[in-house]
Amino acid sequence: MTPLEVIFWIASAVILISAIMMVTRRNLVHAALFLIVTLFGVAVYYVLLEASFLAVVQILVYIGAIAILVIFAVMLTRQVTNPGQLFNKHASLALVMSILVFIGLYLALSVWPEFSAVAPEADTAAAISNLGTAFFVEEDGQPVYLLATMTASVLLLIPLVGAIFVARQKE
Amino acid sequence: MNYDPIAIFAEWLRELLTSWNLSDDFATVILKLIGAVVVAGLALGIFILQTWLERKVAGRMQDRFGPNRVGPFGLLQPIADALKMVTKEDTTPESADKVSYNIAPVMAVFAVLMIWGVVPYSSTWVGTDLDVGVLYIGAVGSFGVLAVLMAGWSSNNKYALLGAFRGVAQLISYEVPLLLSLVIPVFLARSMNLNEIIGKQGDVGWFIVFAPLAFVIFFISNLAEIGRTPFDLLEAESEIVAGYHVEYSGMKFGLFQAGEFAHSFASAALISILFFGGWQPAASPWLGAVVFFAKTTFFYFVIMWIRLTLPRIRIDHMMAMNWKFIVPLNIILLMTVPLLDYFVKDLGATRMYAHFGLNMVLLIGAIVVAGRAIKKSEPDRVRFPERAVAVPPKEETEEVAA
């Protein structure tokens with residue numbers, strides 16, 4: 001076993017255990033903290049895949065945002081510990097469905113030739129600058145992701161404007 | 001001159017490990033682990049020296065001697081303090097959430113040690129030469145926020161929780177200008193790799209000349225992120241006792257303290273890396289480390305200096321300054337600097353002067369606009385709700401007004 005495999009198995013175990021813990025905790029804050037552990041494990045996956053940019057963004061966006069989620073959990077819910085039922089009446093159906101989806105995904109991916117292929121050595125520095133230029137620079141006269149970038153920018157601008165409009169003092 | 005003791009030692013250790021029939025991968029992992037322990041030990045060793053330095057400098061600035069009883073110049077005082085910390089009673093509130101209560105101080109130190117992992121001490125001495133170094137520094141800041149929240153919530157104390165909310169509001173608000181101001185050096189160097197940013201500064205000149213405004217914004221928001229005076233509303237020990245760590249005692253409180261001190265030093269290190277050329281102009285590894293630590297200690301001194309000089313800022317003033325002044329200024333900077341650089345990027349020294357000029361124009365403009373806005377706004381005082389008070393007859397009031 002190579003060191004990378006050891007890290008992979010440890011990360012997988014942490015992700016699975018904390019994911020199960022997250023959905024079974026009665027305490028909202030505990031659930032959020034286990035969600036952080038799960039997402040951190042996923043960031044470790046990205047590091048193993050040499051996608052350092054994605055790993056860092058994963059931590060920046062998800063773990064940074066969950067801190068705020070915890071605040072709202074504490075501030076806005078009267079009871080952080082929920083005494084209600086953990087499962088509702090659709091629990092068994094959901095279990096069957098998720099097992100079916102898992103089997104389906106596994107079968108679909110195992111016939112895909114890339115599934116067991118070894119990834120080529122990635123040039124991470126070039127990958128980041130490629131990612132940056134792909135958003136704006138044209139390739140063969142075609143702007144590759146320019147439209148998507150602009151749409152996303154407008155989408156992000158709208159909540160900003162909306163927030164200012166809502167928060168503005170009435171004159 | 002290019003004698004590199006760490007590289008020689010690492011090479012020797014790698015050969016030793018491979019001679020024990022370990023694979024090259026495992027040797028790398030073991031070397032990285034040793035490196036992590038060394039970097040963490042370095043940061044905590046510096047923390048011990050920092051407590052001494054802080055008390056000595058504070059003493060001098062307040063016209064007293066500071067610690068001078070234990071050892072020469074009081075140098076052994078931190079060891080006495082550490083022993084006192086460890087032997088203090090370690091209390092846990094009965095209704096506290098035990099696990100998160102105990103993890104929070106560890107998380108506070110961990111968040112800061114993560115920064116130390118990517119800091120280049122010299123051209124070859126660097127924990128991990130990460131291509132996304134600057135973004136990584138922004139990302140690990142969120143663990144610090146988590147530590148504050150976990151400490152405040154798990155103490156099961158109203159005041160600790162309120163302190164945590166106050167602290168998190170400050171940390172999250174000032175993370176915005178912190179990250180936005182990091183973009184300027186990244187843009188000027190065309191790289192997010194910390195070592196490449198330093199290398200670029202050796203070619204074209206230190207970024208303090210290119211981006212003095214970004215430096216000021218970075219410095220101010222860093223002060224707020226560390227939570228030191230004038231931004232120490234997380235604690236405000238003279239008024240509201242403490243914030244999120246009110247329930248912590250002994251070494252657990254000591255860990256929060258260690259986190260704060262190590263964060264201060266890491267911030268000073270980032271300032272010297274991003275704006276003052278890090279280990280430049282020394283190319284040799286050990287001389288570079290000396291230069292780097294000299295610069296970093298100087299900026300740490302500046303942080304202490306500010307802490308000991310300025311009074312605490314009020315929380316609404318702090319938020320207003322962030323959202324109404326620093327963030328808009330930073331966004332203007334982000335829009336104008338790339339535009340200017342597009343026209344002057346091949347002009348050598350002229351590029352430097354152009355950037356410096358733009359920054360100065362923006363700075364003067366910002367001060368003028370902010371000064372007018374402050375003058376126009378209402379006199380700033382706490383308003384109490386209206387209530388029945390004795391009012392003089394109407395005529396008299398008009399006379400006074402006239």
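Protein chains get the first letters and strands the later ones, always in sequence-line order, with residue 1 at the start of each.
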Could you go through B:D97 and A:H30, starting from their C-alpha distance and side-chain angles, then the distance that decides it, and tell me whether this counts as side-chain contact (heavy atoms from CB on, under 4.5 Å)? CA-CA 10 Å; B:D97 191 90; A:H30 285 174; 2.7 Å; yes

Tell me whether [X] at atom [atom1] has more than 12 heavy atoms from other residues, nucleotides or ligands lying less than 6.0 Å away.
| X | atom1 | answer |
| --- | --- | --- |
| A:Y62 | OH | no |
| A:M97 | CE | no |
| B:W323 | CH2 | yes |
| B:K98 | NZ | yes |
| B:Y159 | OH | no |

Closest approach of B:S142 to A:I59 (non-hydrogen atoms, all atoms of both residues): OG-O, 4.0 Å

Kindly give the heavy-atom pair with the smallest separation between B:L179 and A:L60, and that separation in Å. CD1-CD1, 4.3 Å

Is chain A contacted by the side chain of [X], its backbone, both, or neither, given a heavy-atom distance below 4.5 Å?
| X | result |
| --- | --- |
| B:L161 | side chain |
| B:N193 | neither |
| B:S100 | side chain |

Quick one: do B:F143 and A:F40 satisfy side-chain contact (heavy atoms from CB on, under 4.5 Å)? Show the steps, please. CA-CA 11 Å; B:F143 288 109; A:F40 187 74; 3.6 Å; yes

Which bit of A:I36 comes within less than 4.5 Å of chain B, counting heavy atoms only: side chain, backbone, both or neither?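 For A:I36, the contact with chain B is made by the side chain alone.
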
